[in-house]
There are 2 protein chains.
Amino acid sequence: MNNKMFRGSLDTIILKMLNNNTEMYGYEITQEVKKLSDGAFDIKEGALYPALHRLEAKGLLETESRSIGNRIRKYYKLSPKGNKESKTQISEMQEFLQQMNAFMNLKPAR
Amino acid sequence: MNNKMFRGSLDTIILKMLNNNTEMYGYEITQEVKKLSDGAFDIKEGALYPALHRLEAKGLLETESRSIGNRIRKYYKLSPKGNKESKTQISEMQEFLQQMNAFMNLKPAR
DNA sequence: AAATATACATAAATATCTTAGGTATATAGG
DNA sequence: CCTATATACCTAAGATATTTATGTATATTT
């Protein structure tokens, strides 16, 4: 997929994932999103990590670092504020999708 | 509408309008899009004109300036290349909308 | 042993958008 | 008549989000 249209929806995708899953770590999000979208949505790590940090800075996400073997994973989950915001953004996205769909299906006036 | 999600879709919207209408001038596009979307899509002129110039530079649009009274309007229409590209982008957008819609409707695993 | 996958991260470059400002003509309301 | 709003084009500065490239390190597969 030409992911130009993907722009602007990354935060909402992350919030959606964390709304469904209680907690996830960054790399896991990229893999799950790819899988769930049949490869259509390909989140670049260079976009993901700054996005997670942004959302955390806004108080929407809470983190907990855990050692898995010799490696550290940083788990993210929605804060109460993030929980509310995720629902808002999911609704707004659905509304947007409907509007854009109607628009793209418009027939010429004559 | 929070038009954050609007990002990345302006070019496609313009191409869609010109696919439906043979020819339009810039200001007309902003007004028609607003009307057709019930106010949901609000194209800023600061985004529109650079976008039109970009699309023209890519060879997707052709222009013709016409005097209307003492004022000049710049009419845009799809070039043959733009005609093809518009159909491509409309299809890609529709595919994207479907994917994103499915994604936003995913239920938690358990 | 080497290649690939996992897991985090940042910086530079690029793209697109908003905000703000500029110019000028046309029309509607008081 | 005059003033505000609408029409119609445009660009520049700043904000923001993304890609590409790079870096580090461990784990797993071939």
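Excluded from the calculations below are hydrogen atoms, water molecules and symmetry mates; all remaining heavy atoms, backbone and side chain alike, are included. Below, chain A is the first sequence line, B the second, and so on; all start at residue 1. Fair warning: this is a prediction, and the values are worked out from it, not measured in the lab.
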Taking for Arg54(A) and for Lys74(B) the nucleotide of DNA chain D with the nearest heavy atom, the one nearer the 5' end belongs to Lys74(B)

Touch class at under 4.0 angstrom, heavy-atom based, for Glu28(A) against every strand present: nothing

Could you state the CZ-P distance from Arg7(A) to dC17(C), rounded to the nearest angstrom? 9 Å

Strand contacts (DNA chain D) in residues 57-71 of chain A, 4.0 angstrom heavy-atom criterion: Asn70(A), Arg71(A)

Looking only at heavy atoms, what is the nearest atom pair of Tyr27(A) and Glu45(A), with distance? CE1-OE2, 4.1 Å

For Gly46(A), which contact category applies under a 4.0 Å heavy-atom criterion: base, sugar-phosphate, or nothing? base

So which heavy atom on Ser79(A) is nearest to which on Gly59(A), and how close? OG-O, 2.7 Å

Within this structure, what is the CG-to-C1' distance between Asp42(A) and dT20(D), rounded to whole angstrom? 13 Å

Taking CD from Glu45(A) and P from dA12(C), how many angstroms apart are they, rounded to a whole number? 19 Å

Angle by which the axis turns from one end of the helix from dA1(C)-dT30(D) to dG30(C)-dC1(D) to the other, five pairs per end, to 10 degrees: 30°

Over how many whole Å does the gap from Met24(B) atom CE to dA8(D) atom P extend? 11 Å

dist Ser9(A):OG -> Phe96(B):CZ (nearest 0.5 Å) comes out at 4.5 Å

Output the rounded distance in Å from OH (Tyr75(B)) to C1' (dC9(D)). 13 Å

Checking side chain to side chain contact (heavy atoms under 4.5 Å, CB included) between Tyr76(A) and each of Glu56(A), Glu23(A), Met17(A), which is the one that passes? Glu56(A)

Does a side-chain N or O from Tyr27(B) land closer than 4.0 Å to OP1 or OP2 of dT7(D), or not? yes

Going from CD on Gln99(B) to CG on Asp38(A), what distance comes out if it is rounded to the nearest 0.5 angstrom? 6.5 Å

Report yes or no: is the cationic atom of Arg66(B) (NZ for Lys, CZ for Arg) closer than 6.0 Å to the six-membered ring centre of Tyr75(B), at no more than 45° off its axis? yes

Interatomic distance, Ile72(A) CD1 vs dA9(C) C1' [rounded to whole Å]: 13 Å

For the side chain of Arg73(B), counting heavy atoms from C-beta on, which of dT6(C), dT18(D), dA8(D) is nearest? dA8(D)

Is there a side-chain contact between Tyr49(B) and the phosphate of dC10(D), meaning an N or O under 4.0 Å from OP1 or OP2? no

Going through the distances and angles, do Ile13(A) and Met104(B) end up as a side chain to side chain contact (heavy atoms under 4.5 Å, CB included)? CA-CA 8 Å; Ile13(A) 288 171; Met104(B) 287 297 144; 4.3 Å; yes

Would you name the heavy atoms of Ser86(B) and Asn19(B) that are closest together and state the gap between them? OG-ND2, 2.7 Å

Regarding the side chain of Lys44(B), the nearest nucleotide among dT16(D), dA9(C), dT19(C) is dT19(C)

Atom of Leu15(B), atom of Leu78(B) and distance for their closest heavy-atom approach: CD2-CD2, 3.8 Å

Near Lys77(B) NZ, under 6.0 Å, is it more than 12 heavy atoms from other residues, nucleotides or ligands? no

Rounded to the nearest Å, what distance is computed from the CE atom of residue Met5(B) to the C1' atom of nucleotide dA17(D)? 14 Å

For the side chain of His53(A), starting at C-beta, report the closest nucleotide among dA8(D), dA9(C), dT18(D). dA9(C)

If I take atom CG in residue Leu48(A) and atom P in nucleotide dA7(C), what distance separates them, rounded to the nearest angstrom? 13 Å

